[in-house]
Amino acid sequence: MDNKELILRIKELSISYRSSGSSFWGSKEEIVAVNDVSLTVRRGKTFAIVGESGSGKTSIAMSILGFVKPVSGTVEFNGMNLFSLEADKRRKTMRLIQPVFQDANSALNPRMTVETSLADSIDTPDQLQKREQTNSLLRSVGLSSDHMGKYPHQLSGGQKQRLCIARALAPEPELLILDEPVSAQDLSIQAQILSLLLEIKKAKNITYLLISHDLNVVRILADRVAVMRSGILVEEASCEKFFSDPTHPYSQELLENSGIK
Amino acid sequence: MNAFKNLISQLWKSPSGRIGLILVALFSLLALGAPLLSPYDPIKQNLLLKSSPPSISHLFGTDLFGRDILSRLLYGARVSMGIGLGSAFLAVFLGSAVGLSAGFLRGGIDTFLMRIVDLLLGFPKFFILLLVVGLGSPSIWLTATVLGALSWMEIARVVRGEVVLIREMNYVKAATALGLSPMNIAMRYVLPNVSGSIIVSATLLVGTMILVEASLSYLGFGVQPPDASWGTIMNQGRIDPLGTWWISASAGSAIFLSLIGFNLLGDSLRDVLDPRTENSQS
Amino acid sequence: MVRVLFIFLFLFISCDKNDNSSSQRVEKTYSEEDIVNGGNLIIGTTGEPDGLNPLTAHTKNAKDAISLIYRRLADLNEDLTTFSPQLAKSWEFSKDSLSILFNLRTDVKWHDGEVFNSEDVVFTFNLHKNDLLGWEGYSFKENIQSAVARNDSTVIFYFSEKSPTLLMDAVEGYIIPEHLLSKIPVEEMESSTYSRNPIGTGPFRLSEWKSQQSLTLSKFSGYYEEGKPRLDAIVIQIIPDNINLYRQVLGGDIDFMENVPPGDFNKLSKQWNEGNSNIKPYNFLGRGYEFIGWNLIDPENYSQVMEAAGDNDPNLEELLKPHKLFGSWKVRAALTMAIDRNTIIDVVTNGLAIPMHGPIPLIMWAYDPNANSIWEYDVEGAKEFLGDAGWKDTDGDGILDKDGTIFSFEMVTNAGNEERKQALTIIQQQLLEVGIEMTPRVFEPALLFGRMLPSRNLDAALLGWSVGLKMELTPLFHSSSIFIPFNFVSYRSQEFDDLENAAKRETRQAIAQKHWNGIAKLLSWELPYSWLYYKTETTVIHSRFKGVKVDKRGAFINMEEWWIPFEERSDHDMLAEN
Amino acid sequence: MLAYSIRRLITALLTLFLGVSLTFFVIRLAPGDPTDRFLTPSMSPKVKAAITEKLGLNEPLPIQYMTWVKNVIIDFDFGDSFANGRKASTVIMDALPYTLLLSTLSLLFGLLLGTVSGVYSALRVGTPVDRAITSILMFFYSVPSFWLGLILLGIFSIELNWLPGSQITSIFHERLSFFGKIGDYAAHLILPVLTLGLTTAPVYGRFVRSSMVEVLNSDFIVSARARGLSERKIVFNYGLRNALLPLISILGTSFPALFSGAVIVEVIYSLPGMGRVMVDAALGRDYPIIMAASAVAFVAVIIGNFLADIGYAVADPRVRLGDSS
């Protein structure tokens, strides 16, 4: 695989947390969330990480985004080690990786209107251009300019998630990290959002890193699937292979529980 | 402005919010309009009328020099409320700055700042105030500054607590991922979301500050003539508490009513702006 | 608070009175045979004594209690010039008037049973002269070279030069016990536990001291005067709040109180005269007077000169510039005329004070009301003088101006003295009537006396001095005092210096009087101060006490002679002795 | 637990040291000179210099500070009062018991009143009774303690003459029986404790009410009700326990406030406690007393916080479990 085709490479990543524990006096213990995980994501594809909650999948996403410092290992994006970039370069690079969170409520600043939220994510001093881009972004996620002056609490759940996606698209990212992007929504909304995501991917050729415990969602979006359990990567396979012939017993168990197989 | 109207109308719904709003607005208007509303010059003496009890011409009576107590209280409102607002403003400014820095930057800075806050919280504040305000001839500015400088710690704690929570919110993460500068994030994403708590604390603090200033002045440590706060006027009534009961009665009522006003308003604001009931925010 | 601040009103140590207790009620008279011993006196006071060692105590509360516990060699009489024997039976001057020989009593015991003798007197004198101790009566002893015990009952004091006050200087100060204090180093005198366990030779001994609450002084059965003291005990009850204290006097819990608020005192006097009260009021000339000091020199110039030249520069005085406002005599005279003393007295003291016009305290022998130049309240006169000095209201704003500057200044006083604050407020109004803008400023005493007066950093100050028993104006006006805080107005006049030097050395009273009159005339004309009023004391004592003597020396002068008839005894007199 | 306690103790000592040191410099750098109080017009500069030297005020400030620290640590000697030469520690020890007595009684009274009214109010949320109690609490929360003190003093002491309005004992104290003496103390303390207690009670009352309301609405209370437990048991065993727990932590932090409240109340009622000592010392620039008094105030605050932590640990079973693990 050459560098062009490869957008993200995670090497021997380990993450641990210090729990403050439930003990008032007690000493702090270390909890290993991710243990020596390596994986690669190809440009233009959707890579899904599945697993139960606590399996470490979100920790991987957070460490790519830089919110969690790993104990060891590296994350390379477009061939650059994200952890060793200079501040300025890093800021530019990081704009190419955008997250979409599960809970749109907490992902939107309650004190900002739709317009400000979006405008904040567009990096241009030209106000006119900003306005135009904001408008087109809104349209691209199926919202209208009527929503511009609204505050998040005046929007429906689906609209909020659309706004989050629009915001993530604003810096024209190459990689979107979708952390349970639809699991907070109703079924009908889920379908809408998923088709929106598929549309966007097709239109803009963006790579998705999907974090999910919902295999139905994974089946719709993903090209490759990695299974995590207790911080360890237990299986990695193409989507077809995974759903038709999972090798690891844990993967089989997952599939059975989800009712897909 | 719309948000402001909204807030007022929400406050107006509860009786305590209404009373608080009315009292605070009333006292603010009285203070601002003192020159228009005062029936007499607050420093004009009329020794023929010295220490006269309330009457039609002097509703709240006169003091030892025949000065009209009502007019003095109106002008005193400027001093008392000025010190209350000024010191609360300073405390809110310092407290928010420290709380925001500590909560947002975390790490060593957080530990360091909060240690200082703990240390200062342990200060026997009133005693230090006695000592420091007693130093010079305490002007309004000195009193307000010292009061503010000794009262920001609780606000810092509240703000830090909130900031630590808000920092973990996904919209802050999203903003970080967008590459916004930390300053931008702190001021536009974090600060506005703690403003509710800050406003509540500030409102309650104004009342507390008015009370502390009055206590100091009552003990003779507060602002000195020619300035007169409510506490100073009250202190004047102390010379002959029974013979000139109307002085401490009216000054005491002024302090008490303004405190009720700020406390009720603060409580109601808390109910309206409670960050835990997010959707009620404007 | 007022009490603590009182400490800061430095006053000379003196005494006096005027026997005009405002009583018109006819009281029963008693003869020697009626006198019975027993009973107690409850004194109410706002402050706790700062220790009962006469060498280190400073507050009035302490001095009052000390006067009951200790004795001197001789005690000043009401005329403030002659003395009555106390520990000394008699005394003789040497022919050259440079020494006095005291014959001491031999029947005096200390409260712990030790016998008093001449060693105690010499020991006391040596401590008085000790710089390290900083005894506040030090100046009395400056003219004394030594005190020598000839034997157990004879002491001779030797002086450096002749003076009319030799006896006064020699007997000033209470005699303290050599056998208890000789082992205490001077530096530790103040902190020594002796201050709380005093042993004296007076009629009462300290039997209990509860901090911030009360002191009990019990009858000393070994007191040298037969049959005295007549009371069993004096309890000094500490109630820091004057109003609270007064309420307890009315309620009968307290028998004796000083500094009753003037309004209340007048009410009480009325009730007493009508026969409706058994609390007897005493109104007499006290020891304090109030004045405004005008800074005669320019404060800014002063600090510059001091910085440049240092205070050892011999030409310093020549470098000083007069104050922009008060350097002018016309202005000072105008200001004095613009102030209506009677109104101030009326409002501030409810009439319980006497207008004052010159530097000599009203209780002193040297006081002659006709010697002063009197500036009566005269608004027109004031305006005229100000006009003469060039101050006119050219812009019609009601405030005078001259060469573009308006007549505006600050008058300062110390915090904690309600009367002064009130007086300032009234003076502000009175000055406004002649077109002068005065801003009253109140400063913490420590700041005012510690920084502002020494650095002359002020325009005018409304203060009060307390009067000492010696005729003495050197610290206030003599040119030798120009750099000490007491002469904070920086007054200097050769004429004054000559007159005072002569007055203080003159042994013939009539001639001395002439010099003092000259001083009164000079100062009341030149007006470094505008004297305001002389305060009268407002003391009340329960009428069951007989034999009470109150005069310009105060109300503590003969408590050992107070007694209570059986039929008038109250609850207080049943207090268990302890 | 031991390690934690030691850590807490070290932090507390450090806080104490820093706080007191800061006070030292603030006070010394303030204008005003304690020797001024000894001034008499006839005093020679030589005498003033002697006094300054005697008091150690001629040394440079850092030296004075070192001396002070040394004396305090080695001999526990805070120096002698400038005002009366008594040992500062003695002056404080004479006054402290009365302040502690006043603060403790007021705290207990305020706590009792606050808890009872808070709980009572919480059980009747939304009713007129609740509103009445809430209003009364707001009334006392807002009334300045010095004003309340003056009013109580005026009514019960001056007008009605039912209770003494100053000092801690009456003149006849010594000849009273043991119980008479206690009664005498009580009579003198009623008004001060009432004043301080009434203005403190709302702080606890409001707190207890809101935490009780929260607890009563929580799932475990609802399920307890569903199981048909008696209301009494629910309120006292379930509700109160959980509602009062957080109160312990605010008790510790309310100590400084109580201390400053006591200052004003002591001044109004002429009580012989720390309030008067502090006010007098502040006015008279009595450094040794100021320093000793602020050390005591700091210690009180630190002990208050420490006790709150311990109390919290003792009261909360989760904390205890954590301890044993």
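The figures here come from the full heavy-atom set of this structure, side chains too, leaving out hydrogens, waters and symmetry mates. Chain A is the first sequence line, chain B the second, and so forth, proteins listed ahead of strands; every chain is numbered from 1. No experiment lies behind these values; they were computed from the predicted model shown.
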Exercise. Atom CG of A:D103 and atom CE of B:M169: how far apart are they, to the nearest 0.5 Å?
Worked result: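 Going from the CG atom of A:D103 to the CE atom of B:M169 covers 7.5 Å.
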Exercise. Looking at side-chain heavy atoms only, is the closest gap between A:S117 and B:Y171 below 4.5 Å?
Worked result: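 Heavy-atom side-chain distance check fails, nothing below 4.5 Å.
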For this session: Please determine, among A:R91, A:Q98, A:M94, the option with the most heavy-atom pairs under 4.5 Å with chain B.
Result: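 Heavy-atom pair counts peak at A:Q98.
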Exercise. Between A:P171, A:S121, A:A104, which residue shows the highest count of heavy-atom pairs closer than 4.5 Å to chain B?
Worked result: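 Option with the top pair count is A:S121.
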Greater than 12 external heavy atoms within 6.0 Å of [X]'s [atom1]:
| X | atom1 | answer |
| --- | --- | --- |
| A:K45 | NZ | no |
| A:R131 | CZ | no |
| B:F112 | CZ | no |
| B:F89 | CZ | no |
| B:R78 | CZ | yes |
| A:E172 | CD | no |

For this session: Determine, step by step, whether B:L178 and A:D120 satisfy the side chain to side chain contact (heavy atoms under 4.5 Å, CB included) criterion, reporting the C-alpha distance in whole Å, the side-chain angles of both residues, the deciding distance to 0.1 Å, and the verdict.
Result: CA-CA 8 Å; B:L178 287 167; A:D120 243 27; 5.5 Å; no
Nearest heavy-atom neighbours spanning [X] and [Y]:
| X | Y | answer |
| --- | --- | --- |
| A:N109 | B:Y189 | ND2-CA, 3.3 Å |
| B:A177 | A:P99 | CB-CD, 3.4 Å |
| A:F101 | B:K173 | CZ-CB, 3.6 Å |

Problem set entry | Which portion of B:S195 sits near chain A, non-hydrogen atoms under 4.5 angstrom |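 It is the side chain, since no backbone atom gets that close.
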Exercise. Chain B heavy atoms under 4.5 Å from A:R90: which part of the residue, side chain, backbone, both or neither?
Worked result: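 Neither; nothing under 4.5 Å.
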